[in-house]
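Below you'll find the structure, written out as structure tokens, and then a few comments.
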Amino acid sequence: MKLEALPRITASHLVKSIDLNHHGTLFAGRMAEWLVEAGFMTARQALNCTPDRLVCVRLHGMDFRKSVVGGETLVMEGRIAYVGRSSITVYVEAWPLRGENAVSTNGFVSFVHIMDERATPHGLEIEPPTEPEAKALWDLVVAERQRR
């Protein structure tokens, strides 16, 4: 299967006062929570598995590019960036619904497919991507995995 054929999942959140930090902008911890949530939905859809079969093992490369204020609707899109034997990594971008549509936050979320609390192969076989954007994301994840 081609990586580019896997589903992209879009989710949105209204930024409420409870989500704000002491600067009056979106709290980083809340953004991390939403990034993981969008990543989880994307990974689960790609693997077609039940929620108890996935566990988040890493949030990495999260980059805050632009502040988000209360009252804004934040849209997140997850797409599969890398598929291993038992792991799957999702790239998530977030941007405000209204306005310039510039990415405000992005990052990678890695999950492992488990059974009886052990990593197990998920069975998804993917050809390495050839489309330039997908290949760039794949290569970033591979390079990071080699550094660890």
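Remember, it's a predicted structure, so these values are computed and weren't measured experimentally.
A chain of hydrophobic side-chain contacts below 4.5 Å, direct or via other Ile, Leu, Val, Met, Phe, Trp or Tyr residues, connects Val15 to Leu35. Criterion: ILVMFWY side-chain heavy atoms under 4.5 Å apart, direct or through other members. Under it, Phe40 and Val92 are part of a common hydrophobic cluster. Val75 and Val109 fall into different hydrophobic clusters, defined by Ile, Leu, Val, Met, Phe, Trp and Tyr side-chain heavy atoms under 4.5 Å apart, directly or through other members. The hydrophobic cluster containing Val57 also contains Ile114, counting ILVMFWY residues as joined when their side-chain heavy atoms lie under 4.5 angstrom apart, directly or transitively. Put simply, Val142 and Val83 are part of the same group of oily side chains (I, L, V, M, F, W, Y) that touch within less than 4.5 Å, one to the next.
The distance from the CD atom of Glu127 to the CE atom of Met1 is 10.0 Å, given to the nearest 0.5 Å. Taken to the nearest 0.5 Å, the OG1 atom of Thr105 stands 6.0 Å off from the CE atom of Met62. The distance from the CE atom of Met76 to the CG atom of Asn106 is 13.0 Å, given to the nearest 0.5 Å. Of the inter-residue distances, the one linking Arg44 atom CZ with Asp52 atom CG reads 9.0 Å to the nearest 0.5 angstrom. Atom NZ of Lys135 sits about 11.0 Å away from atom CD of Glu4, to the nearest 0.5 Å. From Gln45, atom CD reaches atom CE of Met41 across 10.5 Å, with rounding to the nearest 0.5 Å.
Residues Ile18 and Leu20 form no side-chain contact, since every pair of their non-hydrogen atoms from C-beta on lies 4.5 Å or further apart. When side chains are defined from C-beta on, Pro7 does not count as touching Arg79, because their heavy atoms never get closer than 4.5 Å. Here the side chains of Trp34 and Leu26 are in contact, with some heavy-atom distance below 4.5 Å. Inter-residue side-chain proximity for Leu54 and Cys49 is flagged as met; some heavy-atom pair is nearer than 4.5 Å. The closest side-chain heavy-atom distance from Met31 to Ser104 is not below 4.5 Å. Annotation: side chain of Pro129 is not in contact with side chain of Lys2 (no heavy-atom distance under 4.5 Å). Within the 4.5 Å cutoff, the side chain of Ile80 has heavy atoms near those of the Leu3 side chain. Val68 has its side chain out of reach of Thr25: every pair of non-hydrogen atoms, C-beta onward, lies at least 4.5 Å apart.
At distances below 3.5 Å, not a single donor-acceptor pair connects side-chain atoms of Glu77 with backbone N or O atoms of Ala11. Here the side chain of Arg58 pairs no donor or acceptor atom with the backbone of Ser110 at under 3.5 angstrom. At distances below 3.5 Å, at least one donor-acceptor pair connects side-chain atoms of Asn21 with backbone N or O atoms of Gly24. Put simply, the side chain of His122 gets close to the backbone of Leu124: a donor and an acceptor are under 3.5 Å apart. For the pair Glu72 (side chain) and Leu74 (backbone), a donor-acceptor distance under 3.5 Å is absent.
Residues passing the salt bridge (charged side-chain N to carboxylate O under 4.0 Å, His left out) test with Lys16, sequence neighbours excluded: none. Not counting sequence neighbours, the partners of Met115 by the side-chain contact (heavy atoms from CB on, under 4.5 Å) test are Arg53, Thr120.
Ring geometry for His60 versus Phe108: interplanar angle under 30°, hence parallel rather than tilted (30 to 60°). In this structure, Trp138 and Tyr82 have tilted ring planes: the angle between them lies in the 30° to 60° band.
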request  = Mind running salt bridge (Lys or Arg N to Asp or Glu O under 4.0 Å) on Glu93 and Arg8 for me, showing each step along the way?
outcome  = CA-CA 11 Å; Glu93 289 183 322; Arg8 292 184 180 204; over 6 Å; no
request  = Test side chain to side chain contact (heavy atoms under 4.5 Å, CB included) on Glu37 and His13 and set out the steps.
outcome  = CA-CA 11 Å; Glu37 185 179 271; His13 284 278; 2.8 Å; yes
request  = Under the side chain to side chain contact (heavy atoms under 4.5 Å, CB included) rule, what do Phe27 and Asp19 come out as? Steps first, then yes or no, please.
outcome  = CA-CA 6 Å; Phe27 174 57; Asp19 303 320; 5.9 Å; no
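By the 6.0 Å contact criterion, CG on Asn48 is open, its count of non-hydrogen atoms from other residues, nucleotides or ligands being 12 or less.
Here the closest heavy-atom approach between residue Cys56 and residue Val36 is recorded as SG-CG1, 4.1 Å. Closest non-hydrogen pair, Val90 versus Gly78, comes out as CG1-CA, 3.9 Å. Counting all heavy atoms, side chain and backbone alike, Val141 lies closest to Ala81 at CG2-CB, 4.1 Å. Residues Ser12 and Thr73 come closest through the heavy atom pair CB-CG2, 4.1 Å. Across all non-hydrogen atoms, the minimal contact from Leu14 to Gly71 is CD1-O, 3.6 Å. Ala28 and Phe64 get closest at one heavy-atom pair: CB-CZ, 3.6 Å.
Electrostatic pairing of Arg85 and Glu125 does not count as a salt bridge here, judged by no charged N lying under 4.0 Å from a carboxylate O.
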